[in-house]
Protein chains: 2
Amino acid sequence: MTPISDRKRREIAEREETFLDLALRIVLEQGYVGLTMDKLAEATEFSKGTLYLHFKNKEDVICALLRRLQMVRLDLFQRASQLELPPRQRITALGLAAELFVRLYPENARIEPILKASSIREKASQERCDALDEVELQCFAAVLEIAQDGQARGDLTFSDRGSPEHMVTGLWSMHVGVNLISSVGCGPSQAGGEAFLQDTLYENGARLLDGYGWRPLSNEFDYRALREELLRTQFATEAKQLKLADSSTAPN
Amino acid sequence: MTPISDRKRREIAEREETFLDLALRIVLEQGYVGLTMDKLAEATEFSKGTLYLHFKNKEDVICALLRRLQMVRLDLFQRASQLELPPRQRITALGLAAELFVRLYPENARIEPILKASSIREKASQERCDALDEVELQCFAAVLEIAQDGQARGDLTFSDRGSPEHMVTGLWSMHVGVNLISSVGCGPSQAGGEAFLQDTLYENGARLLDGYGWRPLSNEFDYRALREELLRTQFATEAKQLKLADSSTAPN
DNA sequence: TAAAACAGTTGACGGATCGTCACTTACCCC
DNA sequence: GGGGTAAGTGACGATCCGTCAACTGTTTTA
């Protein structure tokens with residue numbers, strides 16, 4: 001209530017961001033197992049007790065970390081989904097956004113499966129989990145909306161088999177699967193390395209949409225050229241960050 | 001060398017299976033975090049020291065556990081891949097095998113992502129990891145072989161885009177992704193529950209192959225009927241285990 | 001047969017980490 | 001400046017991992 005206490009409150013809220021910054025650095029440097037609450041407390045120059053005022057437990061930290069990363073993805077997704085393009089072109093742009101996200105923030109690809117797989121959700125606070133789900137749901141919704149748009153325009157019909165939800169779940173699971181395989185860093189289908197996997201995802205995404213008959217099919221339109229154009233225009237900043245030469249370094 | 005020492009040796013080798021049985025039971029009952037070496041030692045009625053003669057560490061136990069489960073999958077896969085059917089029908093049979101495996105051994109679906117995601121591989125012994133990779137590679141190879149067969153017969157052509165490896169990686173990652181999402185038990189695309197996800201996988205697998213133009217396309221052949229037939233014949237045992245009525249309970 | 005050598009087994013222990021809580025410190029208001 | 005409240009601390013108990021010196025039972029040797 002008092003002015004001072006307001007300032008304090010703000011400080012505390014801002015501090016959380018710093019905590020997450022440091023947590024992320026530790027995870028990147030020493031891996032998920034390398035992140036301990038003692039270490040994090042020391043890095044923040046606060047005590048463990050204070051840390052536990054912000055986060056219910058270690059899993060809560062991871063949850064918060066992931067949410068922050070997912071917000072970035074959501075931003076990329078929404079930028080793609082708001083482009084003025086026909087639906088299938090737009091979903092291709094969104095695919096590019098997904099790829100850029102993975103390449104820009106590989107730490108996400110490493111953390112996400114960990115969080116999903118192990119029993120982190122069981123221990124993290126309900127609020128954090130909900131907050132995380134909300135972002136992911138919005139990402140999913142962004143994709144779904146495009147599919148429904150395609151259906152509305154008649155570029156895409158489902159007759160009696162499948163639905164926009166089916167199709168988008170297919171894209172989604174392929175994306176999740178590639179990330180998981182990619183983060184393992186060995187096993188089959190890792191022979192070609194990360195670049196091969198990303199290329200595979202791009203190609204298979206296109207083939208899946210072709211399989212649903214979403215016009216224009218991948219042999220009816222030069223999606224590769226669209227990709228290059230988007231990298232030069234809408235996603236120029238991201239492309240530059242990745243040092244992708246304008247047109248040459250596209251996979252395959 | 002002596003007869004007695006041989007008997008002992010055999011006993012020790014067999015003991016490992018028992019250890020894994022008990023470990024699996026604990027994981028199923030109390031989750032991955034519920035599995036402690038102390039608990040496992042107590043369950044085995046041996047001491048922790050003896051346990052550590054068999055396994056380098058806790059991660060090694062999980063690795064061994066997973067390998068044993070994967071061997072079952074491999075068996076199912078190979079049975080499917082040896083059926084006398086045209087390639088695309090055969091890969092559909094293999095898809096059914098994958099689905100049966102997940103439904104028969106849901107614990108695998110729960111353990112597999114955990115192992116892949118977290119840093120278990122970093123700690124488990126090299127031998128266990130290699131053994132595990134080997135099985136997975138064989139599974140992958142079984143699928144790949146069918147694709148190559150289809151290519152050889154001319155049912156499937158890649159022109160300049162894609163390859164059998166691309167395509168199979170697509171199927172693979174979709175499978176892995178669905179399992180991961182399924183094991184999380186919440187988030188988007190979980191709305192419909194596990195059955196929806198499996199159905200989605202089936203449908204999207206077919207659509208992906210359609211997208212590659214693998215004949216006969218899913219609207220040129222009654223794959224649903226093939227599925228029913230396989231459940232009655234080749235996979236009757238498994239279907240019975242799952243209490244799938246012969247023809248009625250197919251998803252969708 | 002007794003003693004020595006060996007293989008197999010044990011569980012107490014050190015080390016690491018988590019999460020808590022009784023206590024201290026800092027800040028504010030009167 | 002004194003009293004009250006909010007913020008912050010770090011020692012502590014609890015849990016779990018993985019080790020190793022000691023122990024037990026069996027085989028080999030003398």
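Note on naming: letters A, B, ... go to the chains in the order of the sequence lines (proteins, then strands), and numbering restarts at 1 for each one. Just so it is clear, the values below take in all heavy atoms, side chains as well, and ignore hydrogens, waters and symmetry mates.
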Starting at atom CG of Asp38(A), determine the distance to atom P of dT9(D), rounded to an integer number of angstrom. 14 Å
Write down the distance between CD (Glu45(A)) and P (dG8(D)), rounded to a whole number of angstrom. 14 Å
Judged by modelled atom types alone, do His166(A) and Ser163(A) share a side-chain donor-acceptor pair under 3.5 Å? yes
Mind checking if Leu40(A) touches a base, just sugar-phosphate, or nothing, with heavy atoms under 4.0 Å? nothing
With a 4.0 Å cut-off on heavy atoms, is Leu51(A) in touch with a base, just the backbone sugar-phosphate, or nothing at all? nothing
Does a distance-only test, which skips hydrogens and angles, find a donor-acceptor pair under 3.5 Å between the side chain of Lys48(A) and the base of dG19(C)? yes
Between Arg128(B) and Glu59(B) (salt bridge meaning N to carboxylate O under 4.0 Å), is one present in this structure? no
Distance below 4.0 Å between Thr50(B) side-chain N/O and dT10(C) OP1 or OP2: yes
Consider only side-chain N and O atoms of Glu134(B) and Gln138(B), and report whether a donor and an acceptor are under 3.5 Å apart. yes
With the side chain of Tyr52(B) defined as its heavy atoms from C-beta on, choose the nearest nucleotide among dT9(C), dT19(D), dG19(C). dT19(D)
Think Arg15(B) has a side-chain N or O under 4.0 angstrom from the OP1 or OP2 of dT9(C)? yes
Let me know the distance between NZ of Lys58(B) and C1' of dT15(D), rounded to the nearest Å. 11 Å
Contact class for Leu53(A) (heavy atom, under 4.0 Å): base, sugar-phosphate, or nothing? nothing
How would you label the contact of Thr36(B) with the nucleic acid (heavy atoms, under 4.0 Å): base, sugar-phosphate, or nothing? sugar-phosphate
Sugar-phosphate, base or nothing in reach of Lys39(B), heavy atoms under 4.0 Å: nothing
Going by side-chain hydrogen bond (donor to acceptor under 3.5 Å, both in side chains), name the residues that satisfy it together with Lys123(A), two or more places apart in sequence or in a different chain. none
For Met37(A) and dT20(C), give me the distance from atom CE to atom P, rounded to whole Å. 10 Å
